Each structure stands twice: as structure tokens, then as C-alpha cells.
2 protein chains.
Amino acid sequence: MSKISLQKISTRAPKTLDKEQTRLKTASILRELNELQNLLYAESKHSLLIVMQGMDASGKDGVIRNVMTAMNPQGVTVKSFKVPTAEEAAHDFLWRVHAAVPAKGMIQVFNRSHYEDILVTRVHKWCTDEMAKKRMQAINAFEELLVTHNQTHILKFYLHISPQEQQQRLNERMQDRAKMWKYNEKDFEEAKLWKLYMKMYEECFNKCNFVPWTIVPSDQNWYKEYVIASAMHQLLLSLKMRYPGLKK
Amino acid sequence: MSKISLQKISTRAPKTLDKEQTRLKTASILRELNELQNLLYAESKHSLLIVMQGMDASGKDGVIRNVMTAMNPQGVTVKSFKVPTAEEAAHDFLWRVHAAVPAKGMIQVFNRSHYEDILVTRVHKWCTDEMAKKRMQAINAFEELLVTHNQTHILKFYLHISPQEQQQRLNERMQDRAKMWKYNEKDFEEAKLWKLYMKMYEECFNKCNFVPWTIVPSDQNWYKEYVIASAMHQLLLSLKMRYPGLKK
């Protein structure tokens, strides 16, 4: 597998791609996703775990709002990982994560994830390189457990935006009343650590790849949504699911 | 408050109501619900608990699929209450229910609920009348706790169908491949206990009414969805929510 280098990957859609055409395609994929999710739930043989990572304002919430909404909330749950509570911090770093993995038939979305334990923690030096290495091994083993022992399919998305796009979005949060609740002045401080974050992200992609990552160019929401919906669609189709017959 | 008698309430839409017109109205309400849910989440002052009860095949899953899907799954969670696990059964009947109530900013949907503990249990005589009376008191106190102490707004829906409609839907589950996974031969046995169920339901409505029930005529899905979406819409509007300003 060739190494992922974020600098070499565009944060924008291919120039030849038409925005309106793509939007129509996405809408049609979302309708099919709704059907496929129903089938996943009915068949209850597989489960799907979607890990979403990205810098502040990279559009994680937007994906949930515009892509995940296409499916039945009875079969789709979203877990947002925030600063660990006292109880969570008193356990190993995967404890709270394991508790949230999808049961058969379910789709679970992680808004941030166990990867924060080798991202923000490393940037701020709360986690040493040595500890990070051990965590990466633990993460690979954990993801392997889910894939091998419970038919869990994992999609890991990195929402790739440029630092300029991030600045613009953070500024918008100060001006648009409907976005102010997302504003956190600390985000601007974190943004200054951009390069260090990118370095740590690249290590995630290259070392925690028992399940490979998808780097999603995310400066334009319409393209980001298309890429993610397509990846889900392709994966679910590949499972060749069928509605079960009558129970005997 | 006048007593609810199910026999006196139609299971169908008012005859004067136009189906296509109503569907368009529902679609427009759902778009507004999406916005209102975002506001509820952003403001994080209130929460909404939706309790859905109804006989087998009364269309609870359909409400979740067609109404709740309108909203962001990050802010909407669905809990289906099934036969209690060993751990749940080792606690009081509200233990597992309390664990699932919505946090501020969230919408929680109960697909079945604590009411089963005074419905199916009474029909099968696993719960005496005396015990049921105590449970009803506990339920009223519990709902009052949520309303009074955490700004939780509760909507309780009974999906009202006719026994004929139920038979037809149960039969469909045997014939339509996409519905077979829902088929359970026990449902036909339960259906024979219709009158007893209605009696127990009426007691719920008339005795557990610290929060009043909405009886939803549900033989036609388009009307059921309209009534439920409208009730949610009206409630959320009444909260007069606003996007919060910048944190100081």
C-alpha cells in the first residue's frame, strides 16, 4: 500500500465534475441507501461502522445531517466522542468505543472516534510517541476483532479541507446566528497547530490501516457528500444481501 | 378530562380530507421539523420524548421510517423496547427506561415503552391488577419527573387501527418477501386477545395521563404520519426556541 501524503491530495472536487449533475447522482444514491439500510436491518447478518475524522469545521456534522438522514433512524445511530468523562477516563481508551460499536443489522456513525486518542492527545503531548505506538497496535487489533468476529464492515473517512477553507468556516460561525452555537474560540488556537495535526493524521492513515482510510476532498460539501454516499452504497451493494424468508 | 373510549374513535381519516393535499402538507411540515430539530439541538434547553404504542402491525416502524427520518440522526435516537434481558429484569421496570430518556437538545423515540409493563403483562396475567395500579402511579411520577426537572416534553401516541386492518397487514407479511422478516406467527395468537388489549390500553389512557395521550387514527399511513408530524411541529414551535448567541 502506498503511503498517504495529505499535501499531495487535493481538497477540491475534480475540475471536470459538474456540481448539479453530481448532486442529482447523490440524491439518487441516497434513495438507494435508504433501501439498502432497510435490507441490512432486516437481514441482520452484517453491521456497518462509519468513522468520521477531520479538523474542526471540516463538515462532519454536515455529513450526518445530509447523508445519514437518508436512512431510518431506527437502524442508524450516531455517537459523538467528546472529552472523556471521569468514568471513561478511568478505563482503557477503547472501553467507551467498544461499548458503542454496531450490533448486527445496525449502522453506527462515529463523529470523531478512538483516533482522537492518537491525534489531539499527541499534538498536545498528553500521549508519548511510545504510548501512541501501542495505541495504534491496539486500534488495529480492535478493528480486526470487529471485522473478523462480528461481520462489521468499517468505513473510515478523513474529511480533507484546506486551512484557508477552515479559517473561512470558523469566521462564519462568528457571523451567522444559526451557526454561533458551534463557535468555540479555542478552535482558532487549535487551527494554529495545523501542520502538527496533519503529521499525526498521516501516521494514523499509514499505521492504522488494517481497515484502509478514505481521504475525502471536503472543501465543497456537494462533492464530500457524493464521495461518502457512494462509498457506503458500494459497500452495502457488495454484501449481496437478501430479505430473509419466513422463519420456520 | 373526558374518558377515552377507543370504540368511539375512528381508525380512519376524516372523509373530507384529501390524501394528496395532506401528503404535501406533511412534506412541508417535515422540512420545518428538520429546522426545528436543529434549533432544539443548538439551543439545548429542552428535550422531546416520543412514546409510540400500538398493536402489532399498527405502523410504529413506519412512523419512524417516514417521519423521524426527516431529522438529523445526530439529534434523534430510537429505542425499541423488547422482552427485558436478564439484567433488565433484575431491576425495577423503569430502570431501563430511565436510562434511555433524552438529554437536553435531543429527541428520543420510544418504539414501545414502559407501557408494555401494564399492557402485554396484564393481558397475560403476569402482572396483577394491584401491581398494575402501583405501576401506573410510578409511571405518572416518572413522567412528571422528566417534565418538571429536565424540560422534557413528552408526546404519547397510540396508533389506532381496526382489527380488520391488522389482519390484513399480518397476512401481507407472509406474502411480501420484503416484509417476511417481520412475520411472527405469535402475532396471530396475540391478535385474538384484541378486546382485552383494548381494555388495558384504555386504562393506560385514562389513568396514566399526567401527560395526555394522542389517539392517532392509523388505518391509513398518510393520515397517521400527518397527525404525528403535526403534533411534533406544534409542540416544537410552542417552545419559542432561538439560536444561542456567541458564548462569552
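Reckoned from all heavy atoms, side chains included, excluding hydrogens, waters and symmetry mates. The structure presented is a predicted model; accordingly, all values stated were derived computationally and were not measured. Below, read A as the first sequence line, B as the second, and so on, with proteins coming before strands; counting in each chain starts at 1.
- Heavy atoms closer than 4.5 Å to chain A are found in the side chain of B:Asn111, but not in its backbone.
- Salt bridge annotation for B:Glu35-A:Arg65: present, with a cationic side-chain nitrogen under 4.0 angstrom from a carboxylate oxygen.
- Counting heavy-atom pairs closer than 4.5 Å to chain A, the top-ranked of the candidates B:Met174, B:Lys79, B:Arg177 is B:Arg177.
- Here the closest heavy-atom approach between residue A:Thr69 and residue B:Met71 is recorded as CG2-O, 3.5 Å.
- Only the side chain of B:Arg242 comes within contact range of chain A, with at least one heavy atom under 4.5 Å from a heavy atom of that chain.
- The side-chain heavy atoms of B:Asn72 and A:Met68, taken from C-beta on, include no pair separated by under 4.5 Å.
- Considering only heavy atoms from C-beta on, A:Trp181 comes within 4.5 Å of B:Asn38 through its side chain.
- Residues B:Arg173 and A:Leu246 fail the side-chain proximity criterion, which asks for heavy atoms closer than 4.5 Å.
- The environment of B:Gln234 atom CD is sparse: at most 12 non-hydrogen atoms of other residues, nucleotides or ligands sit within 6.0 angstrom.
- Considering only heavy-atom pairs separated by less than 4.5 Å from chain A, the leading option among B:Asn66, B:Leu39, B:Asp61 is B:Asp61.
- Residues A:Ser80 and B:Gln74 form a side-chain contact, since some pair of their non-hydrogen atoms from C-beta on lies under 4.5 Å apart.
- From B:Lys182, atom NZ reaches atom OH of A:Tyr243 across 10.0 Å, with rounding to the nearest 0.5 Å.
- Side chains of B:Val109 and A:Pro73 form no contact here, defined as non-hydrogen atoms less than 4.5 Å apart.
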